[in-house]
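We number each residue from 1, following the sequence as shown.
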Amino acid sequence: MTPEFHGYIKLDLNLYSTSPRYALGKVLVRISYNKVEILNDDHHLVVSHSRLYGQYRKSMKWQPYLNLMAKRPTALKYTSFYD
């Protein structure tokens with residue numbers, strides 16, 4: 001994955017946020033017609049998204065990033081999370 005997509009997984013040309021903890025790691029993805037669930041190696045849920053249809057859309061869940069933002073408020077300044 002290219003650097004501008006750290007913290008996301010790419011599925012059907014759409015992006016889904018993961019968690020800072022898994023930004024450069026591997027995750028598992030469970031896909032259904034209406035949901036995309038990102039799981040860790042132990043098959044525990046990291047974050048759940050509504051499935052995006054179309055192309056080049058982003059789904060961002062901020063909850064996993066709240067600790068990071070509290071510790072370093074400018075940590076997201078150089079990311080594409082604001083698009």
Side-chain angles (χ1 to χ4, degrees):
M1 217 171 246
T2 58
E4 63 268 19
F5 297 135
H6 287 172
Y8 288 102
I9 59 124
K10 191 174 191 177
L11 174 67
D12 297 331
L13 298 177
N14 293 311
L15 298 174
Y16 299 86
S17 65
T18 58
S19 165
R21 183 174 178 185
Y22 301 99
L24 295 173
K26 292 184 180 186
V27 293
L28 304 169
V29 180
R30 184 171 35 216
I31 305 163
S32 70
Y33 76 96
N34 67 342
K35 199 182 306 185
V36 174
E37 296 178 320
I38 300 171
L39 313 169
N40 65 16
D41 287 338
D42 296 325
H43 300 250
H44 292 112
L45 183 65
V46 174
V47 65
S48 180
H49 295 269
S50 294
R51 177 96 183 254
L52 298 174
Y53 288 95
Q55 296 179 347
Y56 307 109
R57 298 178 66 201
K58 289 183 185 177
S59 178
M60 179 65 192
K61 297 288 183 165
W62 288 100
Q63 181 127 6
Y65 289 86
L66 294 179
N67 275 343
L68 175 64
M69 290 173 14
K71 291 177 188 170
R72 297 185 308 163
T74 60
L76 299 179
K77 184 177 180 180
Y78 300 103
T79 69
S80 62
F81 290 154
Y82 298 109
D83 294 343

Run the numbers on His49 and Ile38 for side-chain contact (heavy atoms from CB on, under 4.5 Å), then give the verdict.
CA-CA 8 Å; His49 295 269; Ile38 300 171; 4.2 Å; yes

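- Side chain of Asn40 to backbone of Asp42: a donor-acceptor contact under 3.5 angstrom is found.
- Heavy atoms of other residues, nucleotides or ligands lying less than 6.0 angstrom from CG of Asp41 number 12 at most.
- What you find for Lys58 and Leu52 is that their closest heavy atoms are C-CD1, 3.7 Å.
- Not one N or O on the side chain of Ser17 forms a donor-acceptor pair closer than 3.5 Å with the backbone of Tyr8.
- Checked against side chain to side chain donor-acceptor pair (under 3.5 Å), Arg51 has the following partners two or more places apart in sequence or in another chain: Asp12.
- Between atom CD of residue Glu37 and atom CD1 of residue Ile31 there is a gap of 10.5 Å, rounded to the nearest 0.5 Å.
- Here the side chain of Asn14 pairs a donor or acceptor atom with the backbone of Gly54 at under 3.5 angstrom.
- Ser19 places no side-chain N or O within 3.5 Å of a backbone atom of Tyr22 that could act as its donor or acceptor partner.
- Grouping the Ile, Leu, Val, Met, Phe, Trp and Tyr side chains by contacts below 4.5 angstrom, directly or via other members, places Leu28 apart from Leu11.
- Put simply, Val36 and Leu39 are part of two different groups of oily side chains (I, L, V, M, F, W, Y) that touch within less than 4.5 Å, one to the next.
- Counting only heavy atoms from C-beta outward, the side chains of Val47 and Tyr16 never approach each other to under 4.5 Å.
- For Ser48 against Lys61, the heavy-atom pair with the smallest separation is O-CE, 3.1 Å.
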